[in-house]
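Remarks on the structure that follows.
All figures in this text were calculated on a predicted structure; none of them were measured in a lab. When reading the values below, keep in mind they use all heavy atoms of this one structure, side chains included, and skip hydrogens, waters and symmetry mates.
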Amino acid sequence: MGRSNREGPGEIDGPEVKTAATGEDADPVAAVEAHWRSFRAGLRLVHTVAAQRIGGDSQAEAEALRAVAASPAFAVFGPAGGARRTDPSQRARRGDDPDLARGRWLVDRVTRGVEQARDALPSVVRGGLAGSPEQAVVLWWLHVVLGVRLEDLAGAQRNDIEPPLAGRDLDQKIEGRMWLSAKPTGRARPGLAALFHEVQAALRNRFPTRSAAVAPEIADEAEELARGHFGYEWHRARHMGPPAGTDLLTLLSMLAPEPLRVSFLSAAWGPLPPPLRELAASTAMLAGVLRELLDRGLLLPPPCDDGVARVVMPAAMHALPAERLDAAERRRWANIALRFLSVALREDTHDHDSWPEWRDAEPHVLRLVDQAEEYGEGLPEAANLMDRLSVYHRVRDADPEAALAAGARAVRLYETAGVPVKRLHATYLINYALAVQRAQGADAALAPMREGVELASHTPHDEYAGALNLYASLLATAGQPERADEEFRHALAVARECHAAGGTQEDAAELASVLNDYAAHLMRHGGSGSEAATRALVLLAEAEQLTGPDAYGIEQILLNRADALRRLHRLEEARDILLPLVDLCEQWDEPTYLLFAALADAADTLRDLGDPRHTDYLRRAHEVDDELAAER
């Protein structure tokens with residue numbers, strides 16, 4: 001916040017104190033002293049508004065409100081003022097003067113903060129309202145908020161404060177004890193800190209600090225203020241707030257300084273320690289604590305354009321809860337956060353429905369995996385998160401290098417952990433091989449794929465069938481269609497055996513996947529005649545029957561079936577599959593290659609049928625292609 005170079009009664013001489021309150025025993029008000037001059041000037045302006053309002057001078061009140069709006073004391077708070085001026089008479093009739101609106105907003109919240117400071121003091125300051133600092137806050141509230149004149153305070157305070165003040169120069173004693181001219185001595189610090197931070201909390205109430213709008217010349221002061229504010233609020237939360245509130249801040253401090261979905265807390269309360277576990281498990285309790293932390297400026301609601309509730313700590317405060325932990329507690333909380341995120345995130349990153357959550361969570365995943373690697377703890381959970389992240393990037397096909405890096409890290413972490421479960425080791429190797437294929441080509445992926453398939457041969461047969469299926473597809477891409485055909489038939493035999501023996505939904509899904517991929521292989525490498533397309537249709541019909549209309553992977557099956565029908569010149573049937581498929585894919589959160597392929601095939605089919613709609617589908621295909629290219 002800006003500083004004033006003007007001196008007045010009670011100004012502080014000498015250098016200003018700049019102490020960050022970060023330790024448990026650190027003075028939470030030290031940072032306030034450096035900013036008291038500017039803040040006190042802001043309080044004086046609020047007092048002027050109150051005085052003009054009581055006096056009924058609307059013109060003078062409006063000018064005072066504009067002065068509040070322009071005060072450096074409130075630079076980082078509230079709605080913006082000073083918007084482009086329209087005709088003054090029209091603006092006055094509409095009442096939309098941005099400076100007046102900002103001034104009223106600030107005055108309302110400053111007076112609310114003063115009232116909160118008065119009410120909070122008995123719990124925050126030891127000894128209650130027994131000392132002059134606390135008396136001064138109550139007197140300031142009477143004077144500014146209630147509009148009690150200075151000469152009437154002596155009578156008003158007798159019913160509010162014990163013991164009552166007395167003496168020949170009563171008005172001067174009261175004025176001297178008010179924070180309008182108070183010197184922040186050691187004796188006055190508790191009340192000064194309460195007033196300062198309660199007003200800060202009120203200013204943040206439902207309109208958080210606009211950290212992105214802080215001017216460079218006050219950035220250091222804004223960060224310093226944030227540290228002082230956090231120190232006070234942490235002290236206050238430990239003595240007044242629910243104990244889970246500080247645990248929640250500690251959890252967020254272990255994550256990346258990015259927004260976190262509130263739904264993660266409700267979905268993954270199990271790994272959290274009490275009392276945070278009970279808080280996250282109760283929607284009502286969680287909403288109340290989040291509201292309190294938001295109102296007091298310890299959390300911010302980031303901009304939301306998708307209807308998803310998120311919270312984030314102010315950037316300058318993010319590291320402070322973790323700084324209060326010793327080394328052992330920091331390790332403990334790193335493990336808690338890792339387990340929490342592992343439960344909160346959906347496993348199947350093949351499914352586009354999970355992509356928005358993983359997009360939000362990626363910075364948190366990387367932060368926690370870094371910590372797990374640093375401490376050498378939680379490596380299996382870290383490996384699983386990196387494997388899921390690799391699949392997310394690969395299937396979206398937006399960042400092949402990110403998929404490759406995450407896949408390699410998953411394998412390395414799991415091998416460092418001693419390969420607790422060989423089945424998972426095989427999965428991570430195979431997913432890594434697929435990432436290598438996407439980034440470096442099929443030939444480079446054959447070696448890690450063979451290693452993964454060899455490990456999978458010792459796992460349950462449904463997983464082995466899936467591994468063989470992927471290996472067959474890779475061989476075909478690498479220019480070995482004959483060997484690929486052998487492996488596809490091997491995978492199909494194993495998958496049929498599993499389905500016949502188990503008959504579970506997972507067995508059916510794996511068999512359908514093999515049938516679909518083998519059908520696609522036949523259409524690519526089985527010759528140009530109708531025989532390959534006819535064989536593919538038989539396989540795809542069986543796959544569709546196994547999965548049902550809403551199952552995962554049905555879109556790819558439908559796309560391949562339409563391709564086979566087009567090859568057999570059954571264009572009307574292909575059209576009746578492709579148009580609903582486009583509508584289905586358009587419902588996803590973001591553009592995909594499957595949507596592009598469906599649009600392109602639909603455009604070609606409609607063109608061949610002489611349907612004028614083909615131009616619309618072709619235009620949309622180009623739009624999706626551009627969007628996909630922009631992501632790469």
Yes or no on side-chain contact (heavy atoms from CB on, under 4.5 Å) for Met386 and Val365, after CA distance, side-chain angles and deciding distance? CA-CA 8 Å; Met386 293 310 295; Val365 169; 4.3 Å; yes
From CA spacing to verdict: side-chain contact (heavy atoms from CB on, under 4.5 Å), Leu578, Leu558: CA-CA 8 Å; Leu578 287 168; Leu558 292 172; over 6 Å; no
Would Thr605 and Arg566 satisfy side-chain hydrogen bond (donor to acceptor under 3.5 Å, both in side chains), going step by step from the backbone distance to the final call? CA-CA 8 Å; Thr605 303; Arg566 291 177 63 217; 3.1 Å; yes
Taking it one step at a time, do Leu265 and Trp269 satisfy side-chain contact (heavy atoms from CB on, under 4.5 Å)? CA-CA 6 Å; Leu265 293 165; Trp269 50 264; over 6 Å; no
Check step by step if side-chain contact (heavy atoms from CB on, under 4.5 Å) holds for Arg570 and Leu537. CA-CA 12 Å; Arg570 294 159 62 177; Leu537 271 183; 3.6 Å; yes
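At least one side-chain heavy atom of Leu475 sits under 4.5 Å from a side-chain heavy atom of Leu446. Residues Arg388 and Leu345 form no side-chain contact, since every pair of their non-hydrogen atoms from C-beta on lies 4.5 Å or further apart. Looking at Tyr518 and Asp485, their side chains come closer than 4.5 Å, going by heavy atoms from C-beta outward. Val311 is not listed as a side-chain neighbour of Arg261, based on a closest heavy-atom distance of 4.5 Å or more. Side chains of Ser473 and Phe488 form a contact here, defined as non-hydrogen atoms less than 4.5 Å apart. Considering only heavy atoms from C-beta on, Asp247 comes within 4.5 Å of Pro275 through its side chain. At a threshold of 4.5 Å between non-hydrogen side-chain atoms, the residues Val308 and Val262 do not count as touching. Using a 4.5 Å cut-off on side-chain heavy atoms (C-beta onward), Tyr392 and Ser354 make no contact.
With hydrogens and angles disregarded, no donor-acceptor distance shorter than 3.5 Å links the side chain of Ser282 to the backbone of Glu278. The backbone N or O of Leu249 sits nowhere less than 3.5 Å from a side-chain atom of Ser253 that would complete a donor-acceptor pair. Between the Arg438 side chain and the Arg394 main chain, a donor and an acceptor come within less than 3.5 Å of each other. A donor-acceptor distance shorter than 3.5 angstrom exists from the side chain of Thr547 to the backbone of Ala543, with no hydrogens or angles considered. Arg310 contributes no side-chain N or O that, together with a main-chain N or O of Pro259, makes up a donor-acceptor pair within less than 3.5 Å. No donor-acceptor distance shorter than 3.5 angstrom exists from the side chain of Thr349 to the backbone of Arg346, with no hydrogens or angles considered. Side chain of His499 to main chain of Ala509: no donor-acceptor pair is present (N/O by atom type, distance under 3.5 Å, no hydrogens or angles).
Between His352 and Trp355, the ring planes lie perpendicular to each other; the angle is over 60°, past the 30° to 60° tilted range. Taking the six-membered ring where the residue is Trp, His525 and His521 present tilted rings, their angle falling between 30° and 60°.
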Compile the donor-acceptor pairs under 3.5 Å between side chains in residues 327-342 and protein atoms, sequence neighbours left out, one pair per line.
from	atom 1	to	atom 2	distance (Å)
Glu329	OE1	Arg332	NH1	3.2
Arg330	NE	Ala322	O	3.4
Arg330	NH2	Ala322	O	3.1
Arg330	NH2	Leu325	O	2.7
Arg331	NE	Glu377	OE2	3.3
Arg331	NH2	Tyr375	O	3.4
Arg331	NH2	Glu377	OE2	2.5
Asn335	ND2	Arg331	O	3.4
Asn335	ND2	Glu377	OE1	2.6
Ser342	OG	Leu338	O	2.8

Residues 404-415 side chain polar contacts: donor-acceptor under 3.5 Å, at least two apart:
from	atom 1	to	atom 2	distance (Å)
Arg409	NE	Glu373	OE1	3.4
Arg409	NH1	Asp370	OD1	3.4
Arg409	NH2	Asp370	OD1	2.7
Arg409	NH2	Glu373	OE1	2.8
Arg412	NH2	Glu373	OE2	3.4
Tyr414	OH	Val421	N	2.9
Tyr414	OH	Val421	O	3.3
Glu415	OE2	His425	NE2	3.1

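Under 4.0 Å is where a charged nitrogen must lie from a carboxylate oxygen, and between Arg613 and Asp611 at least one such pair does. Taking 4.0 Å as the cut-off between side-chain N and carboxylate O, Arg561 and Glu573 do not count as a salt-bridged pair.
With rounding to the nearest 0.5 angstrom, the CZ atom of Arg619 is 12.0 Å from the CG atom of Leu599. Atoms CG and CE, from Leu300 and Met317 in turn, are 8.0 Å apart once rounded to the nearest 0.5 Å.
Annotation: Arg359, atom CZ; neighbour count of heavy atoms from other residues, nucleotides and ligands within 6.0 Å is above 12. With a 6.0 Å radius and a threshold of 12 heavy atoms from other residues, nucleotides or ligands, Gln505 has its CD atom at or below the threshold. Atom CZ of Arg620 sits in a crowded spot, with more than 12 heavy atoms from other residues, nucleotides or ligands closer than 6.0 Å.
Partner of Leu290 under the side chain to side chain contact (heavy atoms under 4.5 Å, CB included) criterion, chosen from Asp295, Leu279, Leu248: Leu248.
With sequence neighbours excluded, no residue forms a ring pair (Phe, Tyr, Trp, His ring centres under 6.0 Å) with His614. Under the salt bridge (Lys or Arg N to Asp or Glu O under 4.0 Å) criterion, Glu401 pairs with no residue, sequence neighbours left out. Judged as a side-chain hydrogen bond (donor to acceptor under 3.5 Å, both in side chains), and not counting sequence neighbours, the contacts of Arg607 are Asp604. Checked against side-chain contact (heavy atoms from CB on, under 4.5 Å), Thr504 has the following partners two or more places apart in sequence or in another chain: Glu506, Asp507.
Between Pro380 and Tyr428, the shortest heavy-atom distance links the atoms O-OH, 4.5 Å. Among all heavy-atom pairs drawn from Ala435 and Ala403, the shortest one is CB-O, 3.7 Å. Across Val343 and Ala267, no two heavy atoms sit closer than the pair CG1-O, 4.3 Å.
His393 and Glu362 form a side-chain donor-acceptor contact under 3.5 Å, judged by distance and modelled atom types alone. A donor-acceptor pair shorter than 3.5 Å cannot be found between the side chains of Arg567 and Ser530. Donor-acceptor pairing under 3.5 Å is lacking for the side chains of Glu510 and Asn469.
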